[in-house]
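Computed from a prediction, not measured in an experiment: that's the story for all the values here. Every chain is numbered from 1 and lettered A, B, ... according to where its sequence line falls, protein lines coming before strand lines.
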Amino acid sequence: MPEIRLEGIRKRYGSIKAADDLELSVKDGEYICLLGPTGAGKTTALRIIAGLTEPDSGKVFFDDHDVTDMEPEDRKAVLLSQSYSLFPHMTVAENVLFGPNIRNWSEEARIKTLANMLDLVRLTRRSDAYPKELSGGMQQRTALARALASGAEVLLLDEPLRALDARLRISLRYELRSLAKSLGITTIHVTHDQDEALVMADRIAVIRNGKIQQIGTPIEVFERPISPFVANFLGQSNFFQGSVTYVNGRTEVRDEQGRTVAAGTANVEVGERVAVGIKVGNTEITKEHDGYLQGIVERTLFEGRDVFVDVMVAGLGRFSSRIPAGRSGEFSVGDKVSIDWSPEKATVFRLKDRSLDDELRVE
Amino acid sequence: MPDVEMKDITMRWGNVIAAEDVNLKIQDGEYVTILGPSGCGKTTLVRIIAGILKQTKGGVYIDGKNMADVPTEERDIGYVFQNIALFPHLDVMENVSYGPRVRDVKKPEWERISHKYLELVKLLDKMKMFPSELCGGEQQKVSLARALSTGARLLLLDEPLSALDARVRVDLRYELRRLVKSLGLTTLHVTHDQEEAMSVSDRIVLMRSGRIVESDTPETMYMRPKSIFAAYFIGETNLLEGSIKKTDAAATTVELRDGTLIEVATTDFREGDPVVISVRPEYVYPAVAGIHAIVSSVTFVGTHFRIVAVADSDDKVEFDVPATVEREYNKGDDVNLTIDKRSAIVYARTPGELGEATKLE
């Protein structure tokens, strides 16, 4: 299966930069998730790789061949849209055989491919059904089988699980990934759902305003985010802004009100303006001892296994903490609590002259 | 604000039963969510309450009054859909004031009303913008303000957050609940998203195949679900098959298919009864002894790793370990697991039921 490389891709729609010097390199057989908010340029990137959108400048390589000017049908890359776009008047089998039929494959090759593909996506018993008779998950598997039957070597998935029920979506994550992995096919999966990306990807590329902000394994992007945006988009973070007062092994940051917090080591200098980001899941709230910050419980939100406790910190805003539901009885609205964290779990970001709000903006 | 009651509602489309004998009462000011998989009949129920669909059988009562001959526009309902349906050629203010204006409310009054709701959804500063200039979350807030400005006292929300990005969706849940609670509205919200249902509602009504499976507060529904389907659909759970080995006042012991014994809180089952233990991944812990299993996958999911293992009894067991834990887990590792016995729930197991209960489509 091919490797894919994007070099200096630019694409503008009026004043909007859908791709702004986009660079991306995907290995043979790799499963990449392109993660970002609506309007970040995810779908544009996918369409440029598929050959459905022409970039203003830049180049697309498949295995070191420049395919920038190649027709979509010659690329062996298939884009699966959110809506699956199956032919409604054709059965599952006819949909799957659409590619082989127009390419005039032999009868024998067609029968063999159909049987293999239906077996792969577990739809052998539904081969005579029409798309509207199938559930969302089955329609998606049919679309996948159709893409694979036409000899796709690169799978481009545009929010493949979006149209499905929440509970089903969680079950199908593992299934879709293991299917792609078992075929060894190179896959680029576009999503706005960070949980989906964490669970499914070999590497996650976080995209914003047409640029890749960070690319790395799920652990890398989650635990070592390079910007406040990445820290907040993967796993939601709380932020504290101030000036660096101490650097040596760990970093201390003080805000205008004189509150000092500690974070992990960072390449910053004393006096520099920074933001400290702490993942909601690493933010502890306690009544037992004094933490870095003091606040009042503003609300609690039950979500099943976890409860989110939001604490209002004077002059700083809302800090959220995620605690196991079993501990939810410890805190009620109005309680005075302390907020604490392990310094090595807090990340320091240089702000320079940028505002944190702009750094975090999602839409 | 009104209470709403559905009595013996049945809805048929030819052979297909979209709702069957549904009885549901929503109290004045209550926030109820109907949760269920696609095709379970939840949207049908909302449309029947709105008067957009006419039920085959049964009655809808709002504040005790039979709605049989009351048209949609006289039911005082605010309706928000998944597909955001704003007028594209009208600005935010014009969209929100549309309801009062077609009802001939005069200018200072409709302005006051529209301001009130735009303030509630925190969009006063964007009232001159057009829908296309707003992001998805903001558009859906405008839809909400528009639904409320008509003077609606009953709010019907049909997958109001489904079209939005995951992050925006989570933020809007808070807003939605805060808003309807501050106005004291009676709300019926339809969703397929269990987390959404748990975080916004006073009460969840779980539906499947046109019927109500069970109905309770989010906490009870998650911690003590009455059916295997509820345990499996709302949150994730491990289902271990076995039979009752012994039971007394102190505890019940279940024997798994490989002979492993598991002690749980006492139950009313009798020795020999076929059962299923349901235990959520967060209540399964690695231990020195207990259920022996082989790790089949390890996935990083943020602050923890999700480990899937296959027990000697052939049951699949999922559990989580914090990302900070020293021990590294790999595929093929041997593990021993224990469960928190108070959090485990035992259900009767009938042939074929487990497969049926865990079918999602």
| query | Between A/Leu198, A/Ile219, A/Asp193, A/Ile170, which shows the greatest number of heavy-atom pairs under 4.5 Å with chain B? | reply | A/Ile219
Under 3.5 Å, sequence neighbours excluded: what are the donor-acceptor pairs made by side chains of residues 300-309 of chain A?
from	atom 1	to	atom 2	distance (Å)
A/Glu303	OE2	B/Arg173	NH1	2.7
A/Arg305	NH1	B/Asp320	OD2	2.5
A/Arg305	NH2	B/Asp320	OD2	3.0

| Partner chain B: residue of A/Glu159, A/Arg322, A/Arg299, A/Lys345 with the largest heavy-atom pair count (under 4.5 Å) | A/Arg299
| query | Quick one: ring pair (Phe, Tyr, Trp, His ring centres under 6.0 Å) partners of B/Phe233, sequence neighbours excluded? | reply | B/Phe229
| said: Under 6.0 Å from the ring centre and within 45 degrees of the ring axis: does the NZ or CZ of B/Arg327 meet both conditions for the six-membered ring of B/Tyr329? | reply: yes
| message | Side chains of A/Thr142 and A/Gln139: any donor to acceptor distance under 3.5 Å? | response | no
| task | Please flag which part of B/Met221 lies under 4.5 Å from any non-hydrogen atom of chain A: side chain, backbone, both or neither. | result | neither
| Option in A/Asn282, A/Leu234, A/Thr191, A/Asn232 with maximal non-hydrogen atom pairs under 4.5 Å from chain B | A/Asn232
| field | Between B/Arg169, B/Glu219, B/Arg280, the one whose heavy-atom pairs under 4.5 Å with chain A are most numerous | value | B/Glu219
| request: Could you tell me which residues in residues 191-200 of chain B have at least one non-hydrogen atom under 4.5 Å from a non-hydrogen atom of chain A, sorted by residue number? | output: B/His192, B/Asp193, B/Gln194, B/Glu195, B/Met198, B/Ser199
| Is the CZ atom of B/Arg178 crowded by more than 12 outside heavy atoms at less than 6.0 Å? | yes
| query | Quick one: do B/Lys141 and B/Glu175 make a salt bridge, cutoff under 4.0 Å? | reply | no
| task | Indicate whether the side chain of B/Ser215 and that of B/Arg203 have a donor and an acceptor atom separated by less than 3.5 Å. | result | yes
| Between A/Asp310 and A/Ser320, do the side chains contain an N or O donor and an N or O acceptor separated by less than 3.5 Å? | yes
| field | side-chain contact (heavy atoms from CB on, under 4.5 Å) against A/Ser127, all qualifying residues, sequence neighbours excluded | value | A/Ala93, A/Leu118
| message | Under a 3.5 Å distance rule, please check whether A/Asn238 uses its side chain to pair with a backbone N or O of A/Val280 as donor and acceptor. | response | no
| query | What part of A/Phe233 lies closer than 4.5 angstrom to a heavy atom of chain B: side chain, backbone, both or neither? | reply | both
| message | Is there a ring-ring contact (aromatic ring centres under 6.0 Å, His included) between A/Phe222 and B/Phe300? Walk through the geometry before answering. | response | CA-CA 10 Å; A/Phe222 190 88; B/Phe300 179 73; 5.5 Å; yes
| request: Under 4.5 Å, counting heavy-atom pairs only, tell me which of B/Gly39, B/Gly302, B/Pro281, B/Gly235 racks up the most with chain A. | output: B/Gly302
| remark: Turns out that what part of A/Gln236 lies under 4.5 Å from chain B's heavy atoms comes down to both
| field | Contacting moiety of B/Thr299, where chain A heavy atoms sit under 4.5 Å | value | side chain
| field | Interchain contact, A/Ser328 with chain B, by part (heavy-atom threshold 4.5 Å) | value | neither
